[in-house]
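Residue numbers begin at 1 in each chain, while the letters A, B, ... track the order of the sequences. Just so you know, these numbers come straight off a predicted model, no measurement behind them.
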There are 2 protein chains.
Amino acid sequence: MASVESFIAECRIKGIKLTGQRRVIAQVMVEGQGHPNAEQIHADAAHQHDRISLATVYRTLRVLRDAGMVIEHAFPDGRCHYELAGRPHHDHLIDKESGAIVEFCDPEIERLQQAIALRLGYRLTGHRLELYGVRAR
Amino acid sequence: MASVESFIAECRIKGIKLTGQRRVIAQVMVEGQGHPNAEQIHADAAHQHDRISLATVYRTLRVLRDAGMVIEHAFPDGRCHYELAGRPHHDHLIDKESGAIVEFCDPEIERLQQAIALRLGYRLTGHRLELYGVRAR
DNA sequence: GATCATTTGCGAACGGTTCGCATCTTGGAT
DNA sequence: ATCCAAGATGCGAACCGTTCGCAAATGATC
Ligand SMILES: [Mn+2]
Ligand SMILES: [Mn+2]
Ligand SMILES: [Zn+2]
Ligand SMILES: [Zn+2]
């Protein structure tokens, strides 16, 4: 999802009604980076639109999540964090000291998860893998 | 942790003051099985002790968690689930249909996680791995 | 531009967990 | 066994992130 325009276009295709607030949230998600929580997204959005509530941010994120355009992560800080969907799959390493979030993808681990589920008699439908660590020095 | 007696003994060694309520919670955790949440633990405990509040269950679980005697899991149902510590490390597969929780441990995945963290410049301090799936048929 | 379904802001409600406080219990000292 | 200070308990209220209800505003369709 390179541009706000294509994101907006995808909304239209999926029948998601576009409002001023939603355009701003779309822009924040597309042009921003990292894994912001709702409050941070609201703060960024409020910077460009003086009439936007936290409830609308939550509602819009839910719409986008249900449309598969945004991914929601329940990280261990007790809040939900969001990122654009449509990028290649990856998991996260969280720096316990700085809070920094590092993305990674390991095909071997992905493969092993499938194998483990199968061995246990299950078909894998999803997974959550988070590594916690501190800078090695 | 085979018996309630040894669990209680460990509490004493660690300077955890023992009360009627704590003994009952200890028994529920040692003799019960699975990954109960606080409400379920409270229900089980209330069965053996007619004066025990949910707040005390939470407080006791926190004490036991901080003492390393109980592990707390934030599963995606939005509640914390608890299990006895001291058993070999394992991760969990959650049946999305029945809610059943299957334990597994894969040394290869454990090793890969260390390797990935290292490759990213981190020393691994912990991880969370949950697989979600449905019965293969 | 009129219409009507949808969306919005606001503040209240929600649900799991924690807290404050007065009261009770425990474990060590006598 | 009894006393006492330290700590634990029950109760209900508070907390915090998220969701909801509703009246008012807005946007897609005509
Ligand atoms: Mn990511
Ligand atoms: Mn387990
Ligand atoms: Zn993955
Ligand atoms: Zn593991």
Side-chain angles (χ1 to χ4, degrees), chain A residues 8-28 35-67 69-82 99, chain B residues 7-29 35-67 69-82 99:
Chain A
I8 300 275
E10 189 175 343
C11 285
R12 234 188 287 274
I13 288 167
K14 290 186 166 159
I16 295 171
K17 196 170 177 175
L18 285 160
T19 66
Q21 289 89 338
R22 287 183 176 180
R23 281 169 209 274
V24 171
I25 293 168
Q27 186 177 347
V28 168
H35 302 78
N37 60 40
E39 202 175 317
Q40 294 167 330
I41 294 166
H42 178 238
D44 288 359
H47 203 257
Q48 307 178 31
H49 192 294
D50 58 348
R51 190 146 186 82
I52 186 164
S53 74
L54 184 56
T56 291
V57 171
Y58 275 113
R59 280 188 286 230
T60 300
L61 288 170
R62 193 194 331 185
V63 167
L64 295 175
R65 189 238 293 143
D66 292 348
M69 300 177 66
V70 153
I71 297 174
E72 185 181 271
H73 298 287
F75 286 148
D77 66 351
R79 317 160 81 96
C80 287
H81 294 251
Y82 301 86
Chain B
F7 190 93
I8 300 274
E10 189 175 343
C11 285
R12 235 187 287 274
I13 288 166
K14 290 186 167 159
I16 295 172
K17 197 168 176 176
L18 285 161
T19 66
Q21 289 89 337
R22 288 183 175 181
R23 282 168 209 275
V24 170
I25 293 167
Q27 186 177 347
V28 168
M29 292 307 295
H35 302 79
N37 61 41
E39 201 176 318
Q40 294 168 330
I41 295 166
H42 178 239
D44 287 359
H47 203 258
Q48 306 178 31
H49 192 293
D50 58 349
R51 190 144 187 83
I52 187 165
S53 73
L54 184 55
T56 290
V57 171
Y58 275 113
R59 280 189 284 231
T60 299
L61 288 170
R62 194 196 328 189
V63 167
L64 295 175
R65 190 238 294 144
D66 292 347
M69 300 177 65
V70 152
I71 298 174
E72 186 181 87
H73 298 287
F75 287 148
D77 67 350
R79 316 160 81 96
C80 288
H81 294 251
Y82 301 86

Please compare B:Gly20 and B:Ala55 by the position of their nearest nucleotide in DNA chain C and report the one closer to 5'. B:Ala55
Touch check for A:Glu39, heavy atoms < 4.0 angstrom, all strands: base, sugar-phosphate only, or nothing? nothing
Is any side-chain nitrogen or oxygen of B:Thr19 closer than 4.0 Å to OP1 or OP2 of D:dT9? yes
Is the phosphate of D:dT26 approached by A:Gln21 (side-chain N or O, under 4.0 Å from OP1 or OP2)? no
hbond_proxy A:Lys17 side chain to C:dT7 base (donor-acceptor, 3.5 Å cutoff): no
Check this one for me: any side-chain N or O of B:Arg22 less than 4.0 Å away from OP1 or OP2 of D:dA8? yes
Of the listed nucleotides (C:dG16, D:dG10, D:dC20), which one gets closest to any side-chain atom of B:Tyr58? C:dG16
Send over the distance from A:His42 NE2 to C:dG9 P, rounded to a whole Å. 8 Å
Separation of B:Lys14 atom NZ from C:dG27 atom C1', in whole Å? 20 Å
In Å and rounded to the nearest 0.5 Å, what is the NE2 to OH distance from B:His73 to B:Tyr82? 10.5 Å
Between B:Ile52 and B:Ile25, does a side chain to side chain contact (heavy atoms under 4.5 Å, CB included) hold up when you go through it step by step? CA-CA 10 Å; B:Ile52 187 165; B:Ile25 293 167; 3.9 Å; yes
Does D:dT26 have its OP1 or OP2 closer than 4.0 Å to a side-chain nitrogen or oxygen of A:Arg51? no
Calculate, to the nearest 0.5 Å, the distance between atoms CG and CD1 belonging to A:Leu18 and A:Ile16 respectively. 8.0 Å
What is the distance from CG of B:Leu18 to P of C:dC24, rounded to the nearest Å? 22 Å
Among D:dG10, C:dT26, D:dC20, the one nearest B:Ile52 by side-chain distance: D:dG10
ring-ring contact (aromatic ring centres under 6.0 Å, His included) partners for B:His42, two or more places apart: none
Should B:Met69 and B:Cys11 be marked as a side chain to side chain contact (heavy atoms under 4.5 Å, CB included) after you check the CA-CA gap, both sets of side-chain angles, and the distance that decides it? CA-CA 9 Å; B:Met69 300 177 65; B:Cys11 285; 3.9 Å; yes
Side-chain atoms of B:Leu54 come closest, of C:dC10, C:dT17, D:dA8, to C:dT17
For D:dG21, does the base pair up with any side-chain atom of A:Arg59 as donor and acceptor (N or O, under 3.5 Å, distance only)? yes
Has A:Arg62 got a side-chain N or O lying under 4.0 Å from the OP1 or OP2 atom of D:dC20? yes
Categorize A:Ser53 for me: base, sugar-phosphate, or nothing, with a 4.0 angstrom heavy-atom threshold over every strand shown. base
